[in-house]
Amino acid sequence: MASARRRNNETSLDECQSSSKLPRNDKSHIAALILARGGSKGIPLKNIKMLAGVPLIGWVLRAAMDSGMFDSVWVSTDHDKIEEVAKAWGAQVHRRSPKVSRDFSSSVETIQEFLEHHKEVDIVCHFQATSPCLHPFHVKEALEKITLHGYDSVFAVVRRHQFRWKEVEKGSGEQTVPFNLEPAKRPRRQDWPGELCENGSFYFAKKEIIEKEGHLQGGKLTYYEMLPEYSVDIDVDIDWPVAEQRVLRYGYFGKVTPEVVRLMFCNISGCLTDGKIFMSVSGEAMVSVNTRDTTGLRMLQEEQVEVILLTTDKDPIDPALLQKLEDRIMCKVEKVGKEPLNDLKSIVEKKKLEWKDVAFMGFDQADVKCLNLAGLSAVPDDAPAVAKKAAKYICRRAGGSGAVREFTEHILLQKQMAKSQREQDRIDRHNF
């Protein structure tokens, strides 16, 4: 169980550098493969549905890529939109044939077709897109069972403490019996180690196992145990709102997740407002600002996060309105040019901060560089595709309709998680 006890922050940068492959004992081509068919029966296009600001498939792709363990990362799909999202997240795409895209097509058939087209692959690491709490350290430790310890296949399990009983047909009069329990000697939970159950997060196997045996669990076989908090399977045991809360608590947010955001830049037009300008009969210009958004910004300020609002020469907002907005929220308004990064770099440097300490909320193509650079970044739901691809978090709400409040809550949650983790680390050092 040692590997299962790893905590949320235990993936070090030394372990997970995606830019360079980790040393291995052989020269096998190792491919990560996610199967993402477009025809989900339960939730339409579930694999790219937004979960906590990220497409569902993006959570697994991020963990796989940041593990630094793969020669190639693939998504097998039959759908154009899934292909677009997969490529935006840096994956290569295998367009599966209609033969393996049917409702009754098995995962093994789809993987075998993939191998027919990619002869260079020696080890296939099949990830389930519906397991969004995967971390790079899970990938690294499990794969090393094959690359370093001589196993042919490995799959993910979770420890469950559930007593199982035989199902009987209603009205048959048959008596049920326990499968894993003696009722007269019913153990306490703490006295029973439980059972290992597949959690569906991943299945890794050498090519010859898949081709010759026709499945993913053969040859010299072992398992990799994951903690229950990481064992989320949206297909099986959890609905979407609950899954979002689990991912926000236990998901992997990337190698440079900031511990503390100290500065937030937020565009006024498109984020704090919906971009509309209202004109009165007398010619006075007005904008609409959602009080939930301004309250969210004040919440950040109360947590010692400085807030700077951004405007441009193209924004048709009267300077008097900007002054009123500045006074109401009690934060500074900065004017930026066509390339906002050029102006914001100097602000970050003067405050002696790094970009990992900065949150940025943008809306359009001009914001892409800042969205990529900031430790935490977000766009409203109605932002254009180019901005969504660059953002680390995509809000469910549109600009001017609570998107800013949603992002501020996300920032505060990350800050709370970092504080809790520091406290846990302090306790662990003391106990050690």
Side-chain angles (χ1 to χ4, degrees), residues 1-8 35 40-43 46 51 56 60 103-109 111 125-135 137-139 141-143 145-146 149 151-205 209-210 213-247 249-251:
M1 291 181 61
S3 61
R5 292 194 179 108
R6 297 287 293 270
R7 293 194 307 277
N8 195 16
L35 308 183
S40 173
K41 291 294 184 182
I43 305 172
K46 173 187 60 184
L51 179 72
L56 178 60
V60 178
D103 291 342
F104 51 85
S105 298
S106 70
S107 296
V108 172
E109 290 174 329
I111 294 170
C125 297
H126 166 41
F127 294 97
Q128 300 272 30
T130 53
S131 300
C133 286
L134 187 73
H135 281 244
F137 74 82
H138 295 137
V139 179
E141 292 176 350
L143 188 51
K145 290 179 179 291
I146 295 178
H149 302 297
Y151 288 95
D152 297 315
S153 55
V154 59
F155 60 97
V157 301
V158 63
R159 191 172 296 272
R160 301 290 190 198
H161 291 78
Q162 296 171 328
F163 296 124
R164 296 179 293 107
W165 292 76
K166 179 183 178 181
E167 182 179 1
V168 297
E169 187 176 345
K170 189 175 181 179
S172 67
E174 183 183 358
Q175 183 176 323
T176 186
V177 293
F179 284 133
N180 61 346
L181 166 70
E182 289 185 51
K185 299 179 181 179
R186 188 183 184 92
R188 299 182 303 168
R189 179 185 174 89
Q190 60 266 38
D191 297 329
W192 182 48
E195 295 180 327
L196 296 179
C197 306
E198 291 186 25
N199 70 2
S201 290
F202 55 76
Y203 300 85
F204 301 168
I209 299 296
I210 302 169
E213 300 187 23
H215 56 81
L216 295 163
Q217 294 166 300
K220 186 179 179 182
L221 175 66
T222 189
Y223 60 80
Y224 177 82
E225 184 178 351
M226 296 172 63
L227 285 173
E229 50 262 40
Y230 300 120
S231 299
V232 178
D233 188 345
I234 295 176
D235 262 346
V236 176
D237 63 354
I238 201 163
D239 62 19
W240 211 266
V242 177
E244 286 196 323
Q245 293 305 310
R246 181 82 72 89
V247 168
R249 178 67 182 88
Y250 296 109

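Nothing fancy with the numbering, it's 1 onward along the sequence. Quick caveat: nothing in here was measured; it's all calculated off a predicted structure.
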* Asked: Taking all atoms of both residues into account, what is the closest heavy-atom pair of S131 and V60, and its distance?
  -> O-CG2, 3.5 Å
* Neighbour count above 12 (heavy atom, 6.0 Å) for Q190 CD -> yes
* Derivation of the side-chain contact (heavy atoms from CB on, under 4.5 Å) call for F202 and M226 -> CA-CA 11 Å; F202 55 76; M226 296 172 63; 3.9 Å; yes
* What are the two closest heavy atoms between L56 and K46, and how far apart are they? -> CD2-O, 3.5 Å
* Please determine which of Y250, Y230, F155 meets the ring-ring contact (aromatic ring centres under 6.0 Å, His included) test together with H138. => Y230
* Asked: Quick one: are the ring centres of F204 and F127 less than 6.0 Å apart?
  -> yes
* To do: State whether a side-chain donor-acceptor pair under 3.5 Å links E195 with N180.
  => yes
* Checking side chain to side chain contact (heavy atoms under 4.5 Å, CB included) against C133, which of E229, R246, R249 comes through? -> R246
* Structure fact -> Only one of V158, N199, T130 passes side chain to side chain contact (heavy atoms under 4.5 Å, CB included) with D233, and that residue is T130
* To do: Take C125 and V139 through the side-chain contact (heavy atoms from CB on, under 4.5 Å) test and state the conclusion after the steps.
  => CA-CA 9 Å; C125 297; V139 179; over 6 Å; no
* Look only at the side chain of R159 and the backbone of P193, and say whether a donor-acceptor pair between them is shorter than 3.5 Å. => yes
* Between CD1 on residue I234 and CH2 on residue W240, distance to nearest 0.5 Å -> 4.5 Å
* Give the minimum heavy-atom separation between V108 and H215, together with the two atoms involved. => CG2-CA, 4.0 Å
* **Gap between atom CD of E198 and atom CD of Q217 - 0.5 Å precision** => 4.5 Å
* Rounded distance [0.5 Å steps], OG in S107 versus CD in Q128 -> 6.0 Å
* Exercise: identify the closest heavy-atom pair between A142 and V154 -> O-CG1, 3.6 Å
* To the nearest 0.5 Å, what is the distance between NE2 (H135) and CD (E141)? -> 12.0 Å
* Minimum heavy-atom distance L216-A205, with the two atoms named -> O-CB, 3.7 Å
* Structure fact -> OG1 (T222) and CD1 (I146) are apart, to the nearest 0.5 Å, by 9.5 Å
* Is the closest side-chain heavy-atom distance between R186 and L181 below 4.5 Å? -> yes
* Taking only residues two or more places apart in sequence, or in another chain, which ones meet W192 in a ring-ring contact (aromatic ring centres under 6.0 Å, His included)? -> H161, F163
* **Gap separating the NE2 atom of H126 from the CG atom of L35, nearest 0.5 angstrom** => 4.5 Å
* Asked: So, for S153 and L221, which heavy atoms are closest and what is the spacing to 0.1 Å?
  -> OG-CD1, 3.1 Å
